[in-house]
There are 2 protein chains.
Amino acid sequence: MEQQKRTTTVSPLKTKFFEGDNNVSERTYRLQINTTLRTICVVGTQLKIALNSCAPVQSKFYSVKCTPNVQCQILSSVQAGNSLLSPQPLSKDTVLLVSMGAASLHPNDSKLSVRFYGNNSENLGSALLHLTAVEISLDVDADRDGVVERNNPNKASWKWGPNGHGAILLVNCDCESSYFKKVDTENEEVSKVSDLKDMSKMILRTSGPSELPEGYNLSLHISQTDAERVRIFRARTSKQAESSLKNMLLGLFQKEYPLVLSKKQLANAVPYQGGKSELVFYVEGLNFPDKDFDGLLTINLSLLEPVGKGFPETPIFTDKVMFRVAPWIMTPNTLRPLEVFVCSTRDNYEFLKGIKQLVQKSGLKLKICHEYMNRGDRWMQDELEFGYIDSPHHSFPVVLDSPRDGDLGEFPYDVLLGPDFGYVTRDALRKEVSSLDSFGNLEVSPPVTVNGKHYPLGRIIIGVAFPTTEDGRNMTKVVQDFLWAQKVQEPIALYSDWLVVGHVDEFMSFVPAPDRKGFRLLLASPNAAYKVFRALRHKGHGNAKMFPGTEEEVSVDDILSDKNFQVENSYVQSCIDWNRDVLKKELALDDEDIIDLPVLFKVIHENNRAVAFYPDMVNMIVLGNNLGIPKPFGPQVGGKCALETEMRSLLEPLGLNCNFIDDFAAYHKLLGEVHCGSNVRREPFPFKWWNIEL
Amino acid sequence: MEQQKRTTTVSPLKTKFFEGDNNVSERTYRLQINTTLRTICVVGTQLKIALNSCAPVQSKFYSVKCTPNVQCQILSSVQAGNSLLSPQPLSKDTVLLVSMGAASLHPNDSKLSVRFYGNNSENLGSALLHLTAVEISLDVDADRDGVVERNNPNKASWKWGPNGHGAILLVNCDCESSYFKKVDTENEEVSKVSDLKDMSKMILRTSGPSELPEGYNLSLHISQTDAERVRIFRARTSKQAESSLKNMLLGLFQKEYPLVLSKKQLANAVPYQGGKSELVFYVEGLNFPDKDFDGLLTINLSLLEPVGKGFPETPIFTDKVMFRVAPWIMTPNTLRPLEVFVCSTRDNYEFLKGIKQLVQKSGLKLKICHEYMNRGDRWMQDELEFGYIDSPHHSFPVVLDSPRDGDLGEFPYDVLLGPDFGYVTRDALRKEVSSLDSFGNLEVSPPVTVNGKHYPLGRIIIGVAFPTTEDGRNMTKVVQDFLWAQKVQEPIALYSDWLVVGHVDEFMSFVPAPDRKGFRLLLASPNAAYKVFRALRHKGHGNAKMFPGTEEEVSVDDILSDKNFQVENSYVQSCIDWNRDVLKKELALDDEDIIDLPVLFKVIHENNRAVAFYPDMVNMIVLGNNLGIPKPFGPQVGGKCALETEMRSLLEPLGLNCNFIDDFAAYHKLLGEVHCGSNVRREPFPFKWWNIEL
């Protein structure tokens, strides 16, 4: 006992290990007279011991002795004086605060004793405490630099923005295996080392004796609700690793990464490795944010103290970390294209030829979905939407599969899903799914700022019916809920139910621009079309023919003299104007940010809804500055199509190249165009979603 | 046309009617050459007319004429000059902004004409517009003063705090009818005038001609999601009121308040009454905030413009209001009691006598639930929790019915539910319900401030198992989700599963105090009990008997010499200490805010859980300064119970009166005490929940 040391007013301990944590955690602890108790003190926390609690009835004074690693402080209404070794007056509220400065080398290697004295300094007995100090920190990448730092003071909360904090989790929605296709989240095992990089690292850092005192355990635990959305694996410890080579040879790879927590197991013991050590966990997100899930998850690590056989162990220290599941992010036309997807059918040779040329010119890869897979369903835009998920440690593309489920329905899962290519879908009731659930009806704007609010990832755009209509069609609720829950690209609902097909890409698109907000909104405009046709007539080209040489051939004069057609197009213009006003407001656009493209529509009388009269030029594919525009087959003037000329005059000043692609027979006649029949996977935003100020 | 008036640079109109609305809503509108169009302009909004859109091809100049009520402003890159009557140069981007200063007296009483001219000032034709101006505002009590003000600029959003805004909705969870008992939300009709005061008023204020121009309509509409949570009725208009006396005589009262919106009808036409008029709606909340409902609801009113037969009408103006559903609020022991509820059983005469005396002394009403209703189930605390809901216009008590559903299960619905007494419950699966779902396990603290965060309505307290335990009992998830979703009394989860019954009221309570934070936390404490017993022995009373004269009689010495009992109580103390640390942290309490009451427990060996050894004095009823405490039957010293003496010495200095009630045979023996067997309805907080800064 020679090394016992007096300490009186050591202030509450703050080691580097716990730097930044201002609320030192206090634990009420009670000594027992003439008894030796044992406990663990986690470095950075305090034991608060009311001395009166264990003092014999007649006690008037006390003294305290402790080993060097133990730091004591006395709180008392009676003056404690400078010495704890000589008897001090004991009051009802005398409290001993005990903390420890560094991890113990051996279990119970530190000691504290309190002796009580009566009125005449007679010894009434002592209470003894054997202490073990450990350092414990559950760590994540809370500062979002890709590295799991040590005990970040903000690790248990989440804050948006460049000055924010909080770790990030990916939904492990790709598929490592090439043989048995299954989204990795459906696999309760880590099947390959490559699967680990889709997960977030979490490290349990401990420092202490080679073993914890008998009966103490570490437990990792999550709430029932969170357990539905996350799965946690851990790397085998070095002690367990001996048989690892054998396991791997036997194909028992998953045994290297045992499942620790899941919805079937909310709490699990984790090994304490002794000395200064790190235990690595791999955290796997299972669900995207949705209507009933804000994306936040908390994982807890507790040190459990034994109480006795049959009694639950008491958590005497709990460390927490928080993750947010990364949202699914869409990519607007202004982002660099990477791959172009189209279908090959027995009748779309002309279209394919045009697309191939355009894609080649743009220096991109063309991916063709062949007929054995597409079964004649050519609407590549409608079956899926490309997006991505991103974290500081990893990022990959994720396809959102539409509940449309046409004959192309298997393509996203069977072809796209793969290693580092994720897949997500939302199940809707068959009877709830309408044409508005096709993803030609799901677009995204370039970045905008609206009334001071930044949308650095743009805003999602969908089409619905007027909310005042009884029998309108809508995008199904499960998909809408999913899109809204992603939060980082707050959606805008437009009115698209006025169209037979009902997709927003039938009347709007975005193209890059070198000036203003970096883009233009393109809107189909019957009004602009009539202006072109009237100007043609004015210049003496009233006899010029649309669709020359076909059954549908029709002259400029014919079109302009059709009063009924004019009424229909005036109605269509009012529908598009309604959307124009919404887009101007929600994207903070000026009229100068909008280009009206000359497109005429006709109204189908069965359902009073509209379709494009000639190929709908706004329904284009945008590959950087190269535009693939449906060839309109407009009035021929001087050997040139007047509509193509008009398009060039509108778009070429922005540095855009207009490439007109013949989609007449294979797409336009089937109520779709170039955009409907293609899809583009694009580069992710350089802007990181967690830096949004929400 | 004599009264036509020139206006050139009238700035965007802001009448008093729309004061505060900085974003004047713009509507794209198109004129047609040689055609007269008609539209409505809502006062406070603008029509934005691109003149080039309708101009004949060869137009070079234009002029504008309008009637006095019409205000025009020209935006153009070409200088417009001072006059609109004389021809102005027309450019591609010449835009006419049209607004109207006051409501029209007659449909189409205002006019605007634009004439176009060629290079040589030749007249190329005119476009005519007939205008009707109306004022429209959907109004709610967004400033929370109980009055529906006119067009509050913040009516469409919701903000917490004293400087916040946003209207409030009550869940209409009481029952107006005394005959056929049914929560009013289950009734799709307004059954009585008194039912209206449970709803929030919403007023549609309009001003304009006696009738809208033909084909225009007003429509009230809500989203599909919101429609599940709200129902809207309206008062009949004066025109409809003619037959109202007849209807009332016929008992057709509900026809006076037709249902306008519900989950079966998301949009509905509402009458336009003409002149300056108000149409009153009554908005009824159907659901409390919960896991999937943040409490916010938006209601929209649109002006619909006719398009043509078979086409949906176009909403050309939409006004929005937002409500938040009032949360369910619990009342802590520090609030003034109003009524005390207990059960009468064939064996609880002594208890009833004690309670009656206490209640009388406190000047309160005692409500006894008789045996035909309670069927022997005496646990009045466990079956229900009293709370209330509050809004600027109305407030009433609401009972939360526990999923416990004992023999007392019908009492909350059959007896408590009534006019201005609401009812809410959460359905849990039978197999999920445990003893921890009884509401002795649901308490609430007095107001506290924790690390600068104010909880002016206190914090809810529930008991659960350690999250690290495999087989612990918990409060069922649906009730926990409900409690957390109310937000204004953020819950704290304690550890109560160590008790056989498992309720937080077995080890904690709150009493009012004149000093410090206005209250004390009382904790059961075996340690404090041992101190009392040891002091008794020290003073020579080792032979004093507990439970004198009964089979269970036991001396102070007996108790102190039972080592096993001491170990059990040391375990219990550690369980309570764990909760003490959580409560200190989550309620920011100092040790001086806590009083340890001398209570001993014993551990039942079948399940290693604890029950009180003698009547558990912390399980008390608090009626202002009068405490009804379980009579402990402690050691008799000088004709007095030493435990009662100790209790008085602990509590009387706070101005509290200790009344010991004999609950030994009828409650304690059945593992409950005074608090378990009673319930108190209290006054609501004077603090308004919407003034919390969240």
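Numbers restart at 1 for each chain; the letters A, B, ... are given by sequence-line order, proteins then strands. Computed over heavy atoms, backbone and side chain alike; hydrogens, waters and symmetry mates excluded.
Smallest separation of non-hydrogen atoms from B:Ala267 and A:Pro467: CB-O, 3.6 Å. Contact between B:Asn608 and A:Phe311 at its shortest, heavy atoms only, is O-CE2, 3.3 Å.
Rounding to the nearest 0.5 Å gives a distance of 15.0 Å between CG of B:Asp292 and CZ of A:Phe293. In this structure, OH on B:Tyr530 lies 13.0 Å from OG on A:Ser53, to the nearest 0.5 angstrom. Remark: A:Lys585 NZ to B:Ser25 OG distance equals 7.0 Å, nearest 0.5 Å. Here CG of A:Asn268 is found 11.5 Å from OG1 of B:Thr468. Values are rounded to the nearest 0.5 Å. From B:Thr318, atom OG1 reaches atom CZ of A:Phe466 across 9.0 Å, with rounding to the nearest 0.5 Å.
Side chains of A:Val57 and B:Arg537 form no contact here, defined as non-hydrogen atoms less than 4.5 Å apart.
Of all the listed residues (A:Thr225, A:Val567, A:Asp471, A:Val95), the one sharing the greatest number of non-hydrogen pairs under 4.5 Å with chain B is A:Thr225. Of the residues considered (B:Arg534, B:Lys291, B:Gln58), B:Gln58 shows the highest number of contacts with chain A, using heavy-atom pairs under 4.5 Å. Contact tally against chain B (heavy-atom pairs below 4.5 Å) for A:Thr469, A:Thr314, A:Val603: the top residue is A:Thr314. Among the candidates B:Glu26, B:Lys477, B:Glu592, the residue making the largest number of heavy-atom pairs closer than 4.5 Å to chain A is B:Lys477.
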Using residues 576-583 of chain B as the side-chain source, report each donor-acceptor pair under 3.5 Å to any protein atom, sequence neighbours left out, with the distance given to one decimal.
from: B:Asp577; atom 1: OD1; to: A:Arg30; atom 2: NE; distance (Å): 3.3
from: B:Asp577; atom 1: OD1; to: A:Arg30; atom 2: NH2; distance (Å): 2.7
from: B:Asp577; atom 1: OD1; to: B:Gln573; atom 2: NE2; distance (Å): 3.0
from: B:Asp577; atom 1: OD2; to: A:Arg30; atom 2: NE; distance (Å): 2.6
from: B:Trp578; atom 1: NE1; to: A:Pro315; atom 2: O; distance (Å): 2.7
from: B:Asn579; atom 1: OD1; to: B:Tyr495; atom 2: N; distance (Å): 2.7
from: B:Asn579; atom 1: ND2; to: B:Tyr495; atom 2: O; distance (Å): 2.8
from: B:Asn579; atom 1: ND2; to: B:Cys575; atom 2: O; distance (Å): 3.2
from: B:Arg580; atom 1: NH1; to: B:Asp596; atom 2: OD1; distance (Å): 2.9
from: B:Arg580; atom 1: NH2; to: B:Asp591; atom 2: OD1; distance (Å): 3.3
from: B:Asp581; atom 1: OD1; to: A:Thr28; atom 2: N; distance (Å): 3.1
from: B:Asp581; atom 1: OD1; to: A:Thr28; atom 2: OG1; distance (Å): 2.5
from: B:Asp581; atom 1: OD2; to: A:Thr28; atom 2: N; distance (Å): 2.6

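Interface residue A:Gln265: only side-chain heavy atoms are found under 4.5 Å from chain B. Residue A:Lys48 touches chain B through its side chain alone, counting heavy-atom pairs closer than 4.5 Å. Of the two parts of B:Lys584, only the side chain, counted from C-beta on, holds a non-hydrogen atom closer than 4.5 Å to a non-hydrogen atom of chain A. Heavy-atom distances place both the backbone and the side chain of B:Asn52 under 4.5 Å from chain A.
The side-chain contact (heavy atoms from CB on, under 4.5 Å) check on B:Asn119 picks up B:Lys60, with sequence neighbours excluded.
Side-chain N/O atoms of B:Gln32 and A:Ser570 include a donor and acceptor closer than 3.5 Å.
Proximity of a side-chain donor or acceptor of B:Lys531 to a complementary backbone N or O of A:Ala55 within less than 3.5 Å is detected.
Other residues, nucleotides and ligands contribute only 12 or fewer heavy atoms inside 6.0 Å of the CD atom of A:Gln224.
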